[in-house]
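A quick note: this is a predicted structure, and the numbers were derived from the prediction, not measured.
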There are 2 protein chains.
Amino acid sequence: MSPFSESPITSSDKIFIAIRSDIVAGVIEAGSKLSEAELSTIHGVSRAVVREAINRLENVSLVERKPNIGARVVTLTHQGLIQLYQVREALEGMAARLAAQNMSDKEIAQLNKLLANHFEEVKDGESYYQEAGDVDFHYRILLGSHNQQLISMLSNNIYHLVRMYRVQLGMAGPRVTTAFVEHKNIVQAISNRDGELAELLMRRHILYSKNNIEAKLKQN
Amino acid sequence: MSPFSESPITSSDKIFIAIRSDIVAGVIEAGSKLSEAELSTIHGVSRAVVREAINRLENVSLVERKPNIGARVVTLTHQGLIQLYQVREALEGMAARLAAQNMSDKEIAQLNKLLANHFEEVKDGESYYQEAGDVDFHYRILLGSHNQQLISMLSNNIYHLVRMYRVQLGMAGPRVTTAFVEHKNIVQAISNRDGELAELLMRRHILYSKNNIEAKLKQN
DNA sequence: TTTTACTATATTGTCGACAATCCATGCACA
DNA sequence: TGTGCATGGATTGTCGACAATATAGTAAAA
């Protein structure tokens, strides 16, 4: 059920996932250059597979490539984060609307169950699980949209970038309790099959999240 | 200014653009398999550049690849078209909202000028230019959002798929006059810096477009 | 006749080498 | 001193060959 449960098949897959993980975690730092030769010796594979991995990293917006020059990890900027959240707001808002229309009753029941589990954690002050819990929540609704295009856009492109920002700017799940209430209201709207409201609430939820992060950034 | 004015640098670029064009136009038919060997002999390049081109085609959602099996052109379905328009609605709605906030006065003036040109064409019954004109209109607003993430998502991923559907399902620009009025109202809202309204109108505009296409599909 | 196992063939994945392009260093010249 | 231009080194782009995997066809067994 987790969005990050890919099982690599080819060795390109492995290298792709390995490098992606390093980029998101900041092991390979933002803005730095990716040398094909270097990466191929590090991982013990030929340049061909590294090239393929880099291509795929480009597609998920984690690196930028220029012909004959090379690939660089994207640089994290204040503005970039804002723009990313604007896209998220639009896409996840639509996902919530569609989820209210398209989720099966069983899926909705599972969503409510997930929410109940989160409540237990919040109550006990286990904010450790918040990050993963939040991801799970959003991912579940995304799947509930039953829109393949939307699912692949968010889970392949957006989410890893969001994670990269969160990790590297040190956003360890704040807003735990307020976010929980927002989640609850969204689930309520979906349970009522009110797509209009679900979209509105989801958009606000992400907007709040963005404002919160922005405020944090300005402290630095 | 046109969204399709890329200048290929490497030979991968050329092959990528060539194959993409064949796919969108239906020369390579939807659902068919892409043989690396075949394509490399046809275009007179090595398999490596064909592989890179296919990778990039995968990233723009025009082909699907399975490890050790190969790549197939996506299949066009009724449902796929609807889902595509749902994503467009979300993204272009946000683009219109941001355009109202972020476009410079100069950009807005140019947008009004573009609209005036369209009016001349519509008045004279030149529906031939409608397709390109419509693309230009939407693309201009997209650029006006000044959101790089949004721009690359729509212009790299969505628009080519939309074109593929339009071409292969034979949607030669209907709705010319009504669409023009909708465009006009959107520009008005942007000129008034009313992001809220611009988003709403753009979403409706795309929704109408979707409904129109759906109705056409049901005739077959 | 149907099913299963195997073999042959075709296709994709990976590799190392060569070609083309870019970039930094240093030299000539104004 | 500063600008422009050659040269050398490093990096990316492209190629053909080999390895690994999937598919189709055939033959053997139930």
Original post:
Salt bridge between A/R203 and A/E182, side-chain N to carboxylate O under 4.0 Å?
Top reply: no
Subject >> Heavy-atom pair of closest approach, residues A/A96 and A/I141 >> reply: CA-CG2, 3.9 Å
Original post:
Taking CZ from B/R65 and C1' from C/dT11, how many angstroms apart are they, rounded to a whole number?
Top reply: 13 Å
**OP:** Can you tell me the distance, in whole Å, between the CD atom of A/E38 and the P atom of D/dA10?
**Re:** 14 Å
**OP:** Grab the NZ-C1' distance between A/K66 and D/dT11 for me, whole Å please.
**Re:** 16 Å
Subject >> Integer-rounded Å distance: D/dT12 P and B/E52 CD >> reply: 13 Å
Original post:
Is B/I9 touching bases, backbone alone, or none of the nucleic acid, heavy atoms closer than 4.0 Å?
Top reply: nothing
Original post:
For D/dT12, does either OP1 or OP2 sit under 4.0 Å from a side-chain N or O belonging to A/R51?
Top reply: no
**OP:** Ignoring backbone atoms, test whether B/S46 places a side-chain nitrogen or oxygen under 4.0 Å from the OP1 or OP2 oxygen of D/dT14.
**Re:** no
Original post:
Can you check the A/N55 CG to D/dT12 C1' distance for me, whole Å?
Top reply: 12 Å
**OP:** Can you tell me the distance, in whole Å, between the CZ atom of B/R56 and the C1' atom of D/dG13?
**Re:** 13 Å
Pairs under 3.5 angstrom, nitrogen or oxygen only, protein versus nucleotides 17-23 of chain C, please.
| residue | atom | partner | partner atom | Å |
| --- | --- | --- | --- | --- |
| C/dT21 | O3' | A/N68 | ND2 | 3.4 |

Subject >> Donor on one side chain, acceptor on other, B/H146 and B/E107, under 3.5 Å >> reply: yes
**OP:** Please work out whether the ring planes of A/H183 and A/F137 are parallel, tilted or perpendicular, with thresholds of 30° and 60°.
**Re:** parallel
**OP:** Scan B/L34 against the nucleic acid and name what it touches under 4.0 Å (heavy atoms): base, sugar-phosphate only, or nothing.
**Re:** sugar-phosphate
**OP:** State whether B/K33 places a side-chain N or O below 4.0 Å from either non-bridging phosphate oxygen (OP1 or OP2) of C/dT12.
**Re:** yes
Original post:
Over how many whole Å does the gap from B/E36 atom CD to D/dA22 atom P extend?
Top reply: 15 Å
**OP:** Could you check if a side-chain atom of B/Y85 sits within less than 4.5 angstrom of a side-chain atom of B/E89, using non-hydrogen atoms only?
**Re:** no
Original post:
Out of D/dT14, C/dG13, C/dT14, which nucleotide sits closest to the side chain of A/S12?
Top reply: C/dT14
**OP:** Sequence neighbours left out, what passes side chain to side chain donor-acceptor pair (under 3.5 Å) with A/R72? Give chain and number order.
**Re:** none
Subject >> Pair A/T10-B/N68, side-chain donor/acceptor within less than 3.5 Å >> reply: no
Subject >> Among C/dC15, D/dG13, C/dG13, the one nearest B/T10 by side-chain distance >> reply: D/dG13
